[in-house]
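Following: one structure in structure tokens, then a few remarks.
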Amino acid sequence: MSQLDKQKVVESVPQRGFFGHPKGLFTLFFTEFWERFSYYGMRAILLFYMYYEVSKGGLGLPENLALAIMSIYGSLVYMSGIIGGWLADRVFGTSKAVFYGGVFIMLGHIVLAIPGNVPLFFTSMVLIVLGTGLLKPNVSCVVGDLYSEADNRRDAGFSIFYMGINLGGLISPLIVGTVGTEVDFHLGFSLAAIGMFIGLLTFLLTRKKNLGLAGTYPLNPLNATEKKRLSIMFTAAAIIIALFVAFGLYTNVLTLPVFIGLIGILGFVIPTIYFVVMYRSNKTSPKEKSRILAYIPLFLAAVMFWAIQEQGSTILASYADKRTELSIAGFTLSPALFQSLNPLFVILLAPVFAWLWVKLGAKQPSIPRKFSFGLLFAGLSFLVMLVPAYLSGGTGLVSPLWLVLSYFIVVLGELCLSPVGLSATTKLAPAAFSAQTMSLWFLSNAAGQAVNAQIVQFYRVETEVVYFGVIGGLAIVLGIILYLLTPFIRKFMQGVH
Ligand code: PHE
């Protein structure tokens with residue numbers, strides 16, 4: 001988008017009306033709030049739905065398979081952001097992408113609400129993967145479009161938006177989670193569908209008034225010849241993939257373990273292609289090339305961080321269900337409730353961290369140092385789980401406070417890494433690729449969960465000491481290496497702070 005167009009978009013957005021921020025932030029805040037409500041509500045019960053016995057309303061899948069599916073699912077949800085970003089950029093603009101995305105997501109939850117079987121579950125997964133790929137990166141992108149380049153409310157705007165994400169994640173396990181595990185899984189999934197419906201309604205009813213021109217047209221639309229060429233290429237690719245899948249399923253070559261392996265490979269191949277294309281492009285200046293090199297270790301650190309953080313909804317969720325004392329003073333807690341802890345601590349601690357960085361001013365740690373702290377805390381959040389393993393003699397139920405502590409520690413890391421990560425991505429990516437930086441950051445999470453798809457299968461109660469010990473230890477070692485490499489990385493960052 002040219003400078004002039006950007007100016008026109010900003011002028012079309014009412015610049016006040018939501019806590020001193022542009023009115024459009026209201027629309028984006030609540031759209032994303034309800035989308036996250038539906039996503040995290042669904043995730044809070046999905047694992048249990050998959051591995052609970054059929055007599056308890058579940059699908060009765062083996063637990064390790066269910067854990068791997070959760071990770072593949074999570075990985076694909078953020079990988080598909082590259083398709084959603086591309087479609088918005090080149091075909092229909094972010095606003096339509098958000099709308100279609102919301103419709104797909106809602107349909108996905110409706111499919112899950114139908115009492116059913118494994119094929120219905122996979123249909124819903126495809127809908128939610130495509131829908132989230134269309135909605136999530138684009139709704140975040142529009143936040144940036146509401147402010148002019150010089151507007152110093154922009155960072156605060158993103159912080160408010162991050163609160164919306166976490167408020168949705170905080171309340172949904174309480175509602176969808178409790179209803180899903182205590183009453184009926186499908187009723188829980190229906191509540192997720194209703195949440196996304198409210199989000200869509202908010203978006204539709206307020207976008208004209210609040211968002212002005214933001215997101216209404218593609219920034220870099222395809223021209224007629226490109227359109228023709230690409231539609232032929234897409235159709236051909238779709239046919240080839242469909243044939244491969246059909247052939248793979250028919251000959252039994254495409255089994256679940258093969259699919260898990262493929263996701264693991266894609267998780268790293270896609271970001272590698274991104275880096276190579278950005279590095280080799282003649283639109284990238286030498287200074288920007290150096291910044292790309294600096295970004296690589298940060299990206300890898302983020303992958304390790306998200307791998308641990310995202311296990312909060314897989315391994316630690318199973319731990320809540322199977323290893324934790326849930327009956328307290330006559331009450332029985334739903335294991336899904338633990339999923340509220342991460343967003344709760346993010347909401348409580350984000351202002352503390354914001355205050356800390358402002359107070360430290362120029363003395364605050366550099367970006368790579370903050371990333372290294374992120375890894376250290378992530379590692380510690382796993383190592384702390386060795387204590388209850390030891391105290392319980394390996395199999396007895398443990399106090400829920402151990403999980404609370406672990407979720408708390410990982411959030412200390414998240415607040416060192418996640419808010420800085422997005423802004424570091426926008427600062428370190430070459431200008432010609434700035435539209436895709438949101439996707440690149442999402443890919444760090446996708447790769448982390450692609451790694452998880454491989455490793456969660458090794459988790460058993462009997463192996464938990466080795467599991468938490470090795471993964472936690474590795475994160476700490478990587479954190480220390482990153483800490484030591486910081487001066488070198490900063491040289492490559494060419495003045496970015
Ligand atoms: N809690 C974060 C969110 O929902 C997880 C995330 C991190 C997703 C990074 C994408 C990229 O937004």
Side-chain angles (χ1 to χ4, degrees), residues 28-29 31-44 70-71 73-82 84-85 98 101 105 128-129 131-141 143 158-173 192 195-196 199 267 270-271 274 298-314 316-317 339-350 371 374 378 407 410-426 436-452:
L28 304 171
F29 181 98
T31 309
E32 179 60 348
F33 167 90
W34 284 112
E35 184 268 330
R36 291 286 94 184
F37 172 92
S38 69
Y39 181 72
Y40 283 123
M42 176 272 292
R43 296 267 301 180
M70 285 288 283
S71 303
Y73 193 178
S75 178
L76 286 174
V77 152
Y78 297 132
M79 247 182 231
S80 66
I82 45 177
V98 169
I105 294 172
I128 292 174
V129 164
T132 315
L134 279 167
L135 191 148
K136 195 171 191 315
N138 289 314
V139 78
S140 325
C141 233
V143 176
F158 271 104
S159 304
I160 296 177
F161 182 72
Y162 203 62
M163 284 288 168
I165 292 179
N166 285 291
L167 273 176
L170 165 67
I171 65 164
S172 63
M196 191 64 252
I270 298 175
Y274 257 77
L298 298 181
F299 184 87
L300 292 173
V303 172
M304 177 84 224
F305 176 81
W306 291 119
I308 291 188
Q309 194 268 8
E310 290 286 353
Q311 287 188 51
S313 65
T314 56
L316 295 190
Q339 295 307 311
S340 286
L341 289 172
N342 173 286
L344 174 71
F345 290 136
V346 169
I347 291 170
L348 291 178
L349 293 175
F371 268 60
Y407 281 110
V410 88
V411 168
L412 297 178
E414 185 168 343
L415 289 168
C416 290
L417 182 140
S418 176
V420 212
L422 189 58
S423 72
T425 311
T426 51
Q436 277 144 35
T437 50
M438 197 68 75
S439 317
L440 189 61
W441 178 239
F442 279 29
L443 285 178
S444 68
N445 188 313
Q449 297 201 65
V451 171
N452 286 351

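Counting convention: from 1, in listed order, for ligands and their atoms alike. Heavy-atom basis, side chains included; hydrogens, waters and symmetry copies ignored.
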field: Inter-residue atom distance T132.OG1 - N138.CG, 0.5 Å rounding
entry: 12.0 Å
- prompt: Just which atoms of ligand 1 are under 4.0 Å from any heavy atom in R36?
  reply: 3 (C), 4 (O)
query: Rounded to the nearest 0.5 Å, how far apart are CG of L170 and CD1 of I347?
result: 5.0 Å
- prompt: Rounded to the nearest 0.5 Å, how far does CE of M70 lie from CD of Q449?
  reply: 8.5 Å
Atom 12 (O) of ligand 1: nearest protein contact (heavy atom, Å): K136 NZ, 2.8 Å
- prompt: So is Y39 close enough to ligand 1, meaning a heavy atom under 4.0 angstrom away?
  reply: no
message: Below 3.5 Å, N or O to N or O, backbone or side chain included: is there any such pair between W441 and ligand 1?
response: no
task: Under 4.0 Å from a heavy atom of I165: give me the atoms of ligand 1 that qualify, with their elements.
output: 3 (C), 4 (O), 12 (O)
- prompt: Closer than 4.0 angstrom: is that true for some heavy atom of Q309 and an atom of ligand 1?
  reply: no
message: Please verify the inter-ring angle class for F158 with F161; under 30° counts as parallel, over 60° as perpendicular, anything in between as tilted.
response: perpendicular
query: So which protein heavy atom does atom 6 (C) of ligand 1 come closest to, and at what separation?
result: N445 ND2, 3.4 Å
- prompt: Rounded to the nearest 0.5 Å, how far apart are CG of L135 and CE of M196?
  reply: 5.5 Å
message: Under a 4.0 angstrom heavy-atom cut-off, which atoms of ligand 1 come close to Y40?
response: 1 (N), 2 (C), 3 (C), 4 (O), 5 (C)
field: E310 CD to N342 CG distance, which is reported to the nearest 0.5 Å
entry: 8.5 Å
